Protein chains: 2
Amino acid sequence: MARTTGSDGEKTEAAIREAATALIAHHGYEATSMRQLAAEVGVQAAALYRYFPTKEDLLFTLMLEHMEALLAAWGGTHAHAGSPAARLSAFVGNHIAFHIERRHSTHISNMELRSLSPERLTRILKLRGAYEKELRAILRDGAETGAFDLDDVGLTAMALIQMMTGVIVWFRPGERLSVAGVTETYLAMTMRLVGATTGREEPHVHQHAELRA
Amino acid sequence: MARTTGSDGEKTEAAIREAATALIAHHGYEATSMRQLAAEVGVQAAALYRYFPTKEDLLFTLMLEHMEALLAAWGGTHAHAGSPAARLSAFVGNHIAFHIERRHSTHISNMELRSLSPERLTRILKLRGAYEKELRAILRDGAETGAFDLDDVGLTAMALIQMMTGVIVWFRPGERLSVAGVTETYLAMTMRLVGATTGREEPHVHQHAELRA
DNA sequence: GAAATAATTGAACGTTCGTTTTATTAATGC
DNA sequence: GCATTAATAAAACGAACGTTCAATTATTTC
């Protein structure tokens, strides 16, 4: 037996990426074997090596694409001008939407960093740093103009990112809350956390509608 | 070769626990081999099985002790009475102190859950649930008495825990910030996040001193 | 000081791992 | 329709894995 009828390189590679993302997210990189992955794709293990020279190459590819997609998603929002509050709002919305939609690759990119070689780890961390820098810039602007009231830009950025990314730990689509509802609540928490002034000292604006899925 | 001079079961078991915590936190459970662990302890791999019947038993032991210690630490604060703000403040302080001190076992208990058998996973998750319930109770009391102003008790609890536990990702003792400084900043962020009223509508109290290590 | 027990070694077991090699067949270009 | 290339299967590689077992020595008990 050899080449099978209807076999197509592009389709196979896409299937490998997809299956690998799901398997590694569920069982972890070390606990996922190439044979298990191959079985999921419906192919022999040796066939995987036509697309990814090593297991680590596959992991790195998944992570790199995830980080680049994250930066691209934020860059595509065109929300880099305007008030700090507006920009922060856009950042939160984009972050939560992206991470919920890409729960599996987010899990991988956050949990499997130790399985990368030092050079590749550095490469991924550089992209992550660039992303976090975007948030710090917003917070710094807000702190300087008085739109926000916070102690430490770096700590606040980390706290916000951990808080927002943490959504993927418990959020399951179609359960109690909708994406829009979660985003709205997290947006309100974010604005309070950074001590955002609501313009002309209005009382806090809370919109409770649409919180349920 | 057999029993070595000065060998002591209790000491060996403690050494195994310690080495396992560090190794698994650094390289992950699946990537840590029994031989590697044995070498770190200074013993042959077979000796480990005198203390832990399987590798998973070892992992479970580490996790169970971590969760029980976490609950015990909170229970030992005797801060279960008083105003919601005071209780929340105690909770944040205890949570951050505990997690910084036990970074390694926290990492394990958060990241290696998938390596547990279903029954043991349930057991650990039950303890985690009990801990989170403590926070929700504080938030609910605060929301009902008007001390806090928040949208959703459950979501706020998850956001706070993710935010606080996230400290272990970037915090390194002896670097820019002290534990006290981090705790103070996180306490301020927490209080703003839950919309805590500062009693008689005082302006926000910010204490910037002692933030540096 | 002999007997019982505690602690550990060293070797081995079967299995699974990531990966390589070789052969074979499907699709493509001329 | 023949040669070439793309895609895969099948089998094998050595290494490492978790774990077991028998033998051996230190310590404790009486």
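Numbered from 1 within each chain, the chains take letters A, B, ... in sequence-line order. The structure displayed is predicted, hence computed values, not measured ones.
The aromatic rings of H66(A) and H99(A) sit perpendicular, their planes meeting at an angle over 60°, well past the 30° parallel limit.
E56(B) and T54(B) are not linked by any side-chain donor-acceptor pair at a separation below 3.5 angstrom, with hydrogens and angles left out of the test.
Taking 4.0 angstrom as the limit, Q44(A) places none of its side-chain polar atoms (N or O) nearer than this to OP1 or OP2 of dT8(D). Applying the 4.0 Å criterion to OP1 and OP2 of dA7(C), one finds that T12(B) has every side-chain N and O outside that range.
Less than 4.0 Å separates DNA chain D from at least one heavy atom of each of the following residues of residues 18-37 of chain B: T32(B), S33(B), M34(B), R35(B). Less than 4.0 Å separates DNA chain C from at least one heavy atom of each of the following residues of residues 54-61 of chain A: T54(A), K55(A).
Between the CZ atom of R50(B) and the C1' atom of dA26(D) there is a distance of 12 Å, rounded to whole Å. Here dC17(D) presents its P atom at 13 Å from CG of L48(B), a figure rounded to the nearest Å.
Nearest nucleotide to the side chain of Y51(B), out of dT8(D), dT20(C), dT8(C): dT8(C). Minimum atom distance to the side chain of V43(A) is reached by dA9(D), of the listed dA6(C), dT20(D), dA9(D). You'll find that the side chain of Y49(A) is closest to dT20(C), out of dT20(C), dA7(D), dT20(D).
For the ring pair (Phe, Tyr, Trp, His ring centres under 6.0 Å) with Y131(B), the lone residue among W74(B), F98(B), F91(B) that qualifies is F91(B).
A cation-pi arrangement, defined by a distance under 6.0 Å to the six-membered ring centre and an angle within 45 degrees of its axis, is present between K55(B) and Y29(B).
H107(A) pairs by the side chain to side chain donor-acceptor pair (under 3.5 Å) definition with nothing, not counting sequence neighbours.
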